[in-house]
Amino acid sequence: MISGWSIDAPNRWWLPRTRPAPKEDIGSTTCTSNVASGTSSVCTPGRPGSEISSQTRCDLELEVALCVVGVHYTETCEPEAPHLITNVETTNATVNDTEVTATVHQRMAVRELAPDEHVVDSGYITAAHILAARQDHDIDLIGPVGLDTHHGGRDPQAPDLTQAAFTTDWEAKKVTCPQGATSISWSHQRKASGTPLVRVHFALADCDPCPLKARCTKAANGKWGRSLTLLPQDQQQILEQRRAEQQTDAWKERYDARAGVEGTISQAVRRTRLQRTPYRGQDKTHLANVLSATALNIIRAAAWLNGTPLGTTRASHLARLTLAA
């Protein structure tokens with residue numbers, strides 16, 4: 001069908017209170033955002049750096065909190081078609097991008113707009129998301145996953161041994177290291193978030209005399225040698241496959257389709273003032289974000305029908321600002 005990407009830009013609205021509010025009810029109070037990359041960093045009450053402004057009116061304490069929400073736009077990015085926004089999600093800015101991916105897919109699927117490919121940045125993708133997108137909606141989720149790193153690469157001439165250097169036998173529940181040693185412990189655990197994982201340990205007796213120890217482990221607990229943390233088998237295999245793919249020129253060329261997202265962020269912010277809204281409440285702010293997307297779609301559709309190049313459409317507002325200055 002079509003390819004798409006998601007973007008995230010911060011959006012602020014003021015929430016006045018006519019009585020002192022408990023800190024846990026206020027939400028985000030200050031925000032530092034990087035619109036170019038579409039990310040936001042939020043300080044919340046109770047965290048270092050958070051601030052709440054207060055004033056007194058009519059003998060009532062009026063507490064004003066700057067509440068921040070994030071808007072996630074998904075647009076088509078076919079090279080020979082107009083780039084139109086197909087989905088708008090408005091969330092509290094404290095919601096992680098990874099929590100939005102499945103919602104975007106579900107909403108597009110309900111409206112029969114699910115793409116064959118969905119191009120996203122690293123904030124929206126994990127191995128679990130890649131697997132779920134394929135199984136639930138037949139979507140190929142494209143984006144960079146976390147690199148396979150270990151010890152920070154101290155010596156480029158003798159690189160550290162990452163997980164890719166080990167061979168996993170999932171049926172036997174054993175892992176073999178590059179020197180032929182076999183793991184002696186395999187346990188199923190869960191992160192605090194509930195994510196299942198497998199913890200693997202090698203014997204200290206095998207690791208201590210190993211000539212590759214300096215490149216493999218710093219373990220000094222007196223019990224275990226090298227340890228590995230693995231995802232469930234289907235997720236781990238997808239993760240390893242994607243890590244290898246994203247190093248190739250072919251994958252990088254596919255991911256280049258997302259380069260236009262910066263133009264979308266800039267156009268939405270400058271043409272429709274996406275970063276700020278006069279409305280109170282997330283529902284009204286979401287409506288404003290939808291109207292913003294609608295306005296951009298009309299502008300882009302008109303430009304497409306008139307034969308205006310895509311780059312000219314996105315850059316026109318910058319030219320007007322330059323002339324005005």
Side-chain angles (χ1 to χ4, degrees), residues 2-15 26-44 65-77 82-111 113-115 118-125 129 139 141 143 257-301 313-314 317-318:
I2 55 178
S3 300
W5 54 52
S6 292
I7 66 174
D8 175 21
N11 196 319
R12 303 181 177 91
W13 49 271
W14 288 95
L15 175 64
I26 295 175
S28 304
T29 57
T30 64
C31 174
T32 304
S33 63
N34 183 341
V35 177
S37 63
T39 61
S40 61
S41 176
V42 182
C43 295
T44 56
L66 178 61
C67 298
V68 187
V69 299
V71 53
H72 307 259
Y73 277 177
T74 302
E75 68 171 20
T76 62
C77 54
H83 291 188
L84 302 178
I85 297 171
T86 57
N87 192 76
V88 180
E89 295 296 330
T90 305
T91 67
N92 188 292
T94 58
V95 173
N96 195 290
D97 289 346
T98 55
E99 301 177 54
V100 180
T101 308
T103 302
V104 171
H105 290 168
Q106 180 62 34
R107 295 192 187 279
M108 289 196 296
V110 168
R111 290 179 284 126
L113 292 175
H118 188 192
V119 187
V120 298
D121 69 21
S122 58
Y124 292 88
I125 190 169
H129 285 105
I139 296 175
L141 188 61
R258 195 180 177 277
V261 71
E262 305 299 345
T264 297
I265 296 174
S266 179
Q267 186 183 30
V269 169
R270 296 178 184 275
R271 293 294 292 271
T272 67
R273 297 184 178 182
L274 184 67
Q275 276 188 294
R276 291 182 179 274
T277 175
Y279 306 108
R280 296 174 182 172
Q282 186 168 311
D283 291 341
K284 291 182 179 180
T285 300
H286 174 67
L287 177 59
N289 294 337
V290 172
L291 294 176
S292 172
T294 302
L296 294 183
N297 283 345
I298 293 174
I299 293 172
R300 293 181 177 189
T313 304
R314 286 175 169 168
H317 63 284
L318 294 178

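- Considering only residues two or more places apart in sequence or on other chains, Asn96 meets the side-chain hydrogen bond (donor to acceptor under 3.5 Å, both in side chains) condition with Thr98.
- By the side chain to side chain contact (heavy atoms under 4.5 Å, CB included) test, Val95 pairs with Thr91, Asn92, Glu99, Val100, sequence neighbours left out.
- A ring-ring contact (aromatic ring centres under 6.0 Å, His included) check over residues 88-109, counting only residues at least two apart or in different chains, returns the pairs His105-His118.
- Between the OG1 atom in Thr101 and the OH atom in Tyr124 there is a gap of 7.5 Å [rounded to 0.5 Å].
- Across every non-hydrogen atom of His286 and Val88, the tightest pair is CE1-O, 3.3 Å.
- Applying the salt bridge (charged side-chain N to carboxylate O under 4.0 Å, His left out) definition to pairs two or more places apart or across chains, those involving residues 82-95 are Glu89-Arg107.
- Looking at Asp283 and Leu287, their side chains never come closer than 4.5 Å, going by heavy atoms from C-beta outward.
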| message | Would Glu75 and Thr264 count as a side chain to side chain donor-acceptor pair (under 3.5 Å) here? Give the steps. | response | CA-CA 9 Å; Glu75 68 171 20; Thr264 297; 3.0 Å; yes
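- One N or O on the side chain of Asn297 and one on the backbone of Ile85 form a donor-acceptor pair closer than 3.5 Å.
- For Arg271 (side chain) and Ile299 (main-chain N/O), no donor-acceptor pair under 3.5 Å exists by modelled atom type.
- Residues Asp97 and His72 are in side-chain contact: their nearest non-hydrogen atoms beyond the backbone lie under 4.5 Å apart.
- Residues Arg270 and Gln267 have side chains not in contact (no heavy-atom distance under 4.5 Å, counting atoms from C-beta outward).
- Inspection of the Thr76 and Arg300 side chains reveals no N or O donor paired with an N or O acceptor under 3.5 Å.
- Considering only residues two or more places apart in sequence or on other chains, Ser122 meets the side chain to side chain contact (heavy atoms under 4.5 Å, CB included) condition with Pro144.
- Considering only residues two or more places apart in sequence or on other chains, Ala109 meets the side chain to side chain contact (heavy atoms under 4.5 Å, CB included) condition with Ala114, His137.
- The side chain to side chain contact (heavy atoms under 4.5 Å, CB included) search around Thr272 returns Ala268, Leu274, Ser292, Ala295, Leu296, not counting sequence neighbours.
- Side-chain atoms of Gln282 and Thr90 include no donor-acceptor pair closer than 3.5 Å.
- Between Cys77 and Arg258, the closest side-chain pair of non-hydrogen atoms is not below 4.5 Å.
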| task | For Tyr73 and Asn289, run side chain to side chain contact (heavy atoms under 4.5 Å, CB included): C-alpha distance rounded to whole Å, both residues' side-chain angles, the deciding distance at 0.1 Å, then the answer. | result | CA-CA 9 Å; Tyr73 277 177; Asn289 294 337; 4.1 Å; yes
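- Once rounded to the nearest 0.5 Å, the distance linking CD1 of Ile125 with CG of Leu141 reads 4.0 Å.
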